[in-house]
Number of protein chains: 2
Amino acid sequence: MIEIGEVTVPAATVARLPYYLRALRDLTREGVDTTSSSELAERSGVGSAQLRKDLSYLGSFGTRGVGYDVESLSSYIAAALGLGSEHRLAIVGVGNLGHALANYSGYAARGFCLVALLDADPSVVGREAAGLVVEHVDELERVLGERDVSMVILATPGSAAQAVAERVVACGVREILSFSPVALQLPDDVVVRSVDVAGELQILAFHAAARNAQQGDGVARPDGPSTPRAPAEVGKNSVT
Amino acid sequence: MIEIGEVTVPAATVARLPYYLRALRDLTREGVDTTSSSELAERSGVGSAQLRKDLSYLGSFGTRGVGYDVESLSSYIAAALGLGSEHRLAIVGVGNLGHALANYSGYAARGFCLVALLDADPSVVGREAAGLVVEHVDELERVLGERDVSMVILATPGSAAQAVAERVVACGVREILSFSPVALQLPDDVVVRSVDVAGELQILAFHAAARNAQQGDGVARPDGPSTPRAPAEVGKNSVT
DNA sequence: ACTTGTGAATAACTTCACAGCA
DNA sequence: TGCTGTGAAGTTATTCACAAGT
């Protein structure tokens, strides 16, 4: 549950707002200017009641009997997500993953601005990526201060993550997106979101195991590539 | 809620098992062979009651008054996560991100085996990465069949994701990890986990906006790099 | 007629608190 | 004594179902 201004928004609702925003922007691109809770919900992969409930925490945006204006709902959600003010971003750890994240092109379009890359490896420092020169992590405090960084993406090895996170927090950063598979121990007011690819695969493996345990007790995948399929009705697949 | 064998495990519990497993493996590496719910919980970033409750869905592994044997709990969780049988993995979309995911070194150690890379871009097809040659996505059905792929990582552009996902599902794959920011419409029995970096940043931006709205109504970040900090007590930061 | 917005009902998840056992 | 395992209580989130509005 997150308080913003007067109102309180469930964390689960906040986590879905980006989906709604994406769906709305797709609609804009397609030239659609009015939509309904059911259309928007389907495109976002949630139920329509869920979508209406979620929006109701933020206010009242639709017209009964008609639906939602794509443009205005879109800009309202963008505003709620704080995408009006530009968020200045640094990436610490420019290995495989950090490098890929640096080259991600969608930051600007979504109100983010990548302003610094940092790494500890001397063979990476000085290299250029995404129009920025990689700086040494020793300079972290100076760089984050000078560039007025307010958000950090952590893509260091797990062993370095806690120490780097502490330094980042000491620089005043309060929102961190971590790709390191460790539980960061940080002050309560710091918001950490954590993405763990290996963990996601393990969760999928659990589902696979559950399926196999259920159906037939068999050992491996029960069917080859060319077997009749279940009717491809649209389903709500579990996400995050 | 997920049924496996006789029992039913909450989805939220399953999503935490990888954290517990990671913490246990860290303990093993440190030579610790007995632990308690509170130590393990702290290392995993959850509460100790939560951890005990989670484990209780899977069975009863500890010794009252003593704690848990690191080794046996570790292998039990690994088994529950289906990491006994090897999961054969393909990556579709070898751009920035797909390439980084291909070079991720942790698959083997976690019971996964990367066996194919596919892309639609002729300038990428034929290149080598992670010891594999990138094949053309036209060959998807053949490659997935021949290599007995059971899980797919989707790292294509959003526009291609739905079509590729349908083909992958038609090959019998039932677990997909998607990095494309679209809600895939697939049969109910397909499990999709979705990682959306831009979405994560937007959620962080919401938190930042909430913080700013609360404290002082100010415009930007209220303090510079060198301000006295809150007492760095350990907190439960929100994760996924 | 049709779709939103929302109380009320249900379900899922977390936390508490303590019995049970080494 | 100390820590696990778990019912019960509390909290959060989702779904239902319908009144309100256009």
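Just so it is clear: chains get the letters A, B, ... in the order the sequence lines come, proteins before strands, and each one is counted from 1.
Rounded to a whole Å, the OH atom of B:Y57 is 11 Å from the P atom of C:dA12. For the pair B:L55 CG and D:dT4 P, the interatomic distance rounds to 10 Å; values are reported in whole Å. Between the OH atom of A:Y76 and the P atom of C:dT4 there is a distance of 18 Å, given to the nearest Å. Taking atom CG of A:L40 as the reference point, atom P of C:dT4 lies 9 Å away to the nearest angstrom. Rounded to a whole Å, the CZ atom of A:R52 is 16 Å from the C1' atom of D:dA13.
When each of B:T13, B:T8, B:V7 is paired with B:Y57, the side-chain contact (heavy atoms from CB on, under 4.5 Å) condition holds for B:T13 and for no other. Among B:Y76, B:Y68, B:Y20, the one residue that satisfies the ring pair (Phe, Tyr, Trp, His ring centres under 6.0 Å) test with B:F61 is B:Y76.
The two residues A:A183 and B:R22 have their closest heavy-atom pair at N-NH1, 3.8 Å.
Between the A:R174 side chain and the A:V169 main chain, a donor and an acceptor come within less than 3.5 Å of each other. Between the side chain of B:S36 and the main chain of B:E39, a donor-acceptor pair closer than 3.5 Å is present. Within the 3.5 Å criterion, the main-chain N or O of B:S180 finds a donor-acceptor partner in the side chain of B:S178. Between the B:H207 side chain and the A:V190 main chain, no donor and acceptor come within less than 3.5 Å of each other.
Of the side-chain N and O atoms in B:S37, none sit less than 4.0 angstrom from OP1 or OP2 of D:dC3. Distances shown here put a side-chain N or O of A:Q50 below 4.0 Å from the OP1 or OP2 atom of D:dT15. Contact between the side-chain N/O atoms of B:R16 and the OP1/OP2 oxygens of C:dT14 is found at a separation under 4.0 Å.
Here C:dG5 is the nucleotide among D:dT15, C:dT15, C:dG5 with the atom lying nearest to any side-chain atom of A:S56. In this structure, of D:dC16, D:dT12, C:dA12, it is D:dC16 that holds the atom nearest to the side chain of A:A49.
A heavy atom lying under 4.0 Å from DNA chain D marks the following residues of residues 61-71 of chain B, by number: B:F61, B:G62, B:T63, B:R64, B:G65, B:V66, B:G67, B:Y68.
Taking the nucleotide of DNA chain D with the nearest heavy atom to each of A:K53 and B:S36, the more 5' of the two is matched to B:S36.
Under 3.5 Å, the side chains of B:R52 and B:S37 contain a donor-acceptor pair of N or O atoms.
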Which nucleotides of DNA chain C pair, in dot-bracket form (Watson-Crick or G-U under 3.5 Å, | meaning another strand): ||||||||||||||||||||||
Trace of the side-chain hydrogen bond (donor to acceptor under 3.5 Å, both in side chains) decision for A:Y104 with B:N96: CA-CA 8 Å; A:Y104 171 64; B:N96 270 329; over 6 Å; no
